[in-house]
Amino acid sequence: MQETNDLVKSRLNALEEIKKLGVNPYPHRFDLTANSEEILSAFKDPADEAESEAAKEKIVSVAGRIMAIRKMGKASFCTIKDDKGKLQIYIRQNDVGENLYKLFKLLDIGDIIGVKGFVFRTKMGEISVHAVTIELLTKSIQPLPVVKEETTESGEKIVHDAFADVELRYRQRYIDLIVNESVKETFIRRTNIIRSIRNTLEKYGFFEVETPTLQSIYGGATARPFVTHHNALDIPLYLRISNELYLKRLIVGGFNRVYEFVKDFRNEGIDRTHNPEFTQVEWYQAYGDYFDSMNMFEEVVENACLAVNGSTRINYIDTEIDFKRPWKRIKMVDAIKEKNGIDVLNMTKDEILEFMKKKEIDFDPAISGNKGVLIAALFEETCEESLVQPTFVLDHPIDTTPLCKPLREYSMEQLETMRKDPEQVIFVERFEPYINKWELGNSYTELNDPVLQRKLLEDQVERGRGGEEETHPLDEDFLRAIEVGMPPTTGVGLGVDRLVMLLTNSQSIRDVLFFPLMRPL
RNA sequence: GGGCCGGUAGCUCAGUGGUAGAGCAUCUCCCUUUUAAGGAGAGGGUCGGAGGUUCGAGACCUCCCCGGCUCACCA
């Protein structure tokens with residue numbers, strides 16, 4: 001719907017006036033010879049008058065969006081913004097003629113123009129382009145927020161009337177990108193982080209693949225899916241909650257090292273660190289174990305940090321974080337011991353339960369019958385908050401995941417007896433990297449015993465998630481792939497959005513997504 | 001989902017029950033090296049929505065919508 005406020009009306013009027021001048025306000029192309037950055041860095045002050053005259057012969061051609069106009073009768077300045085930055089344009093009626101100057105006076109902040117002219121320095125010292133001719137490239141009829149920048153005598157920049165309404169900034173990101181300087185920088189860093197991750201993985205021979213987003217059976221994580229429907233096949237389809245089970249099929253198929261940047265979709269709450277669609281990178285390495293993954297994970301993240309910050313140390317809000325390898329590694333039970341002074345390995349289920357009650361630790365009463373789940377809950381409630389510097393937490397109870405291999409120290413007989421005893425907890429070769437109290441990823445020595453795999457997945461289906469949650473479907477095709485035989489393998493998932501948040505000092509996941517999900521108006 | 005905070009002109013904001021305001025932007029006029037350009041004048045609003053209280057509501061009450069923070073939930 002066209003807004004018909006005065007500002008739009010006046011721009012529509014200007015549009016008509018421009019057409020009356022015989023000017024097409026939406027021409028098809030424009031030849032550029034330089035961008036603002038190149039012009040500003042290439043300029044050298046002429047040494048004398050002869051050089052100054054010669055400089056006027058060097059015509060540059062630039063284009064950008066008008067961000068500010070300062071009219072002074074028959075001469076004007078305007079500031080344009082292009083892909084690389086801002087540049088001041090000087091335009092004089094004497095130089096461009098009466099008609100073009102008339103056109104210029106009809107232009108507004110937000111219009112996109114092309115300028116041909118020579119580079120010079122103004123009396124006030126600003127490198128600018130002195131227009132010989134200008135061309136309107138796109139007339140804007142929607143007013144932009146006018147943000148003014150003041151440079152104080154000490155060189156400090158003060159921004160006046162910044163476009164600050166967070167809701168509008170997310171809903172109209174194109175405007176946010178135009179008027180808020182730091183926004184674009186964050187997204188450039190995001191892309192550079194992703195590029196760095198890709199480079200590190202490629203360096204170690206990982207092969208980039210693509211797997212389905214639309215899946216007839218979802219799996220690889222525990223989350224509620226988005227459900228859709230395929231008309232021609234008349235079947236329900238799900239947006240993936242994970243790509244894990246597909247990457248494992250590729251390992252079975254003979255790719256030894258694969259990775260995928262993947263959008264996952266989880267039908268759950270939205271908050272500062274959760275968006276319904278989010279990006280992970282997952283990589284799988286045949287013949288490796290979770291120690292190999294820890295090493296890769298450290299290197300991938302350290303490299304990404306170096307790539308965008310030039311240092312392994314960053315400041316996130318008011319916390320200094322150092323990504324330098326190697327990171328601290330601690331077993332989950334040892335983390336609990338350090339924090340609480342208890343050894344859950346020597347405690348019965350009831351003793352742990354009692355301890356948690358005494359410490360007034362909140363937990364779902366439905367888990368009270370399972371020692372492994374209790375240990376995981378105790379860890380989350382008491383230890384996560386102190387995991388600020390990069391730390392790998394190792395060896396989770398088997399009850400937390402059906403896709404991970406038990407510790408290598410157990411004998412086969414031992415596993416059989418432990419499984420039958422509810423007071424025995426089997427631990428698996430899993431790690432979670434914690435940074436700034438956030439889980440930044442997840443990794444296993446992958447389970448490849450098809451009999452155990454089937455049992456664990458069937459148990460999970462049976463348990464469901466209790467209550468009204470959708471039951472987790474059993475993926476028979478995945479089980480068949482594991483039955484065909486997956487070599488010893490380790491796999492990793494890394495939460496890209498959270499890593500980008502840390503490395504760009506962004507407080508909300510919405511600040512690192514161009515178009516975060518917003519409730520439609 | 002709970003609690004707290006917010007939504008007033010295009011943007012940023014003020015306005016504690018009595019005629020809706022400011023700066024920037026916009027429009028008109030002046031101004032040929034300005035830079036938060038400057039000078040003179042003008043226009044611009046269903047105060048997020050719907051009810052209610054009151055002689056009178058932007059403000060007080062109820063419900064709703066949209067956000068932010070936070071807690072909870074969520075492998």
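Order of the sequence lines sets the chain letters (A, B, ...), proteins ahead of strands, with each chain counted from 1. Only this structure's heavy atoms are used, side chains among them; waters, hydrogens and symmetry mates stay out.
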Q: Could you let me know what G41(B) is paired to, Watson-Crick or G-U wobble, both distances under 3.5 Å, or none if it's on its own?
A: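 Looking at the geometry, G41(B) pairs with C27(B).
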
**Q.** Complementary nucleotide for C60(B) - Watson-Crick or wobble, under 3.5 Å
**A.**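 Check on C60(B): paired to G52(B), both distances under 3.5 Å.
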
(Q) As a test of reading the structure: which of U33(B), C27(B), A75(B) is closest to the side chain of Lys123(A), going by heavy atoms? (A) U33(B)

Q | side chain to side chain contact (heavy atoms under 4.5 Å, CB included) against Ile270(A), all qualifying residues, sequence neighbours excluded | A |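 For Ile270(A) the side chain to side chain contact (heavy atoms under 4.5 Å, CB included) partners, ignoring immediate neighbours, are Pro276(A), Arg510(A), Leu517(A).
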
**Q.** Partners passing side chain to side chain contact (heavy atoms under 4.5 Å, CB included) against Leu345(A) (at least two apart in sequence or in another chain)
**A.**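 For Leu345(A), the residues satisfying side chain to side chain contact (heavy atoms under 4.5 Å, CB included) (neighbours in sequence not counted) are Val333(A), Asp343(A), Phe427(A).
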
**Q.** Residues within residues 47-68 of chain A bordering RNA chain B, heavy-atom distance below 4.0 Å
**A.** none

(Q) Just to be sure I understand the geometry, which residues of residues 162-179 of chain A put a non-hydrogen atom under 4.0 Å away from RNA chain B? (A) Ala162(A), Phe163(A), Ala164(A), Asp165(A), Val166(A), Glu167(A), Leu168(A), Arg171(A)

Q | NZ/NE/NH1/NH2 to OD/OE distance under 4.0 Å, Glu98(A) and Lys102(A) | A | no

Considering only heavy atoms and no angle criterion, is a donor-acceptor pair shorter than 3.5 Å present between the side chain of [X] and the base of [N]?
| X | N | answer |
| --- | --- | --- |
| Tyr90(A) | A37(B) | no |
| Gln93(A) | U32(B) | no |
| Gln88(A) | U34(B) | yes |
| Thr400(A) | A75(B) | no |
| Asn442(A) | A75(B) | yes |

Q: Please work out if Tyr444(A) contacts a base, only the sugar-phosphate, or nothing of the nucleic acid, heavy-atom cut-off 4.0 Å.
A: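 Since a base atom lies under 4.0 Å of Tyr444(A), the category is base.
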
Q) Hey, does Gly220(A) reach any base, or is it just sugar-phosphate, or nothing, if we go heavy atoms under 4.0 Å? A)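 Base: the residue Gly220(A), judged by heavy atoms under 4.0 Å, touches a nucleobase.
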
Q | Residues that Arg173(A) engages under side-chain hydrogen bond (donor to acceptor under 3.5 Å, both in side chains), provided they are two or more places apart | A |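 Result, side-chain hydrogen bond (donor to acceptor under 3.5 Å, both in side chains) vs Arg173(A): Asp176(A).
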
Q. With distance as the sole criterion, is a donor-acceptor pair present between the side chains of Arg272(A) and Ser508(A) under 3.5 Å?
A. no

(Q) If you compare all heavy atoms of Asn370(A) against all heavy atoms of Gly372(A), which two are closest, and at what distance to 0.1 Å? (A) OD1-N, 2.9 Å

Q.
How close do Ile482(A) and Asn448(A) get, counting heavy atoms only, and between which atoms?
A. CG2-O, 3.8 Å

Q | More than 12 heavy atoms of other groups within 6.0 Å of Lys86(A) NZ | A |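 Atom NZ in Lys86(A) is packed in, count exceeds 12.
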
With sequence neighbours left out, write down each residue that passes salt bridge (charged side-chain N to carboxylate O under 4.0 Å, His left out) with [X], or none if nothing qualifies.
| X | value |
| --- | --- |
| Arg70(A) | none |
| Glu458(A) | Arg454(A) |
| Lys74(A) | none |
| Lys455(A) | Asp459(A) |

Contact list (N/O, under 3.5 angstrom) for nucleotides 69-71 of chain B vs protein:
{"unit_1": "U70(B)", "atom_1": "OP2", "unit_2": "Arg272(A)", "atom_2": "NH1", "d": "2.7"}

Q: Starting from the 5' end of RNA chain B, give me the residue, Gly125(A) or Glu381(A), whose nearest nucleotide shows up first.
A: Gly125(A)

Q: Anything under 30° is parallel, anything over 60° is perpendicular, the rest tilted; go ahead and classify Tyr90(A) against Phe120(A).
A: tilted

Q: Ignoring backbone atoms, establish whether Ser10(A) has a side-chain N or O less than 4.0 Å from OP1 or OP2 of C27(B).
A: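 Looking at the OP1 and OP2 atoms of C27(B), one of them is under 4.0 Å from a side-chain N or O of Ser10(A).
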
Q | N or O in side chain of Arg70(A) less than 4.0 angstrom from U34(B) OP1/OP2 | A | no

Q: Could you list all the side chain to side chain donor-acceptor pair (under 3.5 Å) pairs where at least one residue sits in residues 106-116 of chain A, not counting sequence neighbours?
A: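 Sorted pair list: Asp108(A)-Lys139(A), Asp111(A)-Lys139(A).
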
Could you go over nucleotides 21-25 of chain B and give all protein N or O partners under 3.5 Å, atom names and distances?
{"unit_1": "G23(B)", "atom_1": "N2", "unit_2": "Asp161(A)", "atom_2": "OD2", "d": "3.3"}
{"unit_1": "C24(B)", "atom_1": "O3'", "unit_2": "Lys148(A)", "atom_2": "NZ", "d": "3.2"}
{"unit_1": "A25(B)", "atom_1": "OP1", "unit_2": "Lys148(A)", "atom_2": "NZ", "d": "3.0"}

Q. What integer number of Å spans the P atoms of A59(B) and G52(B)?
A. 14 Å

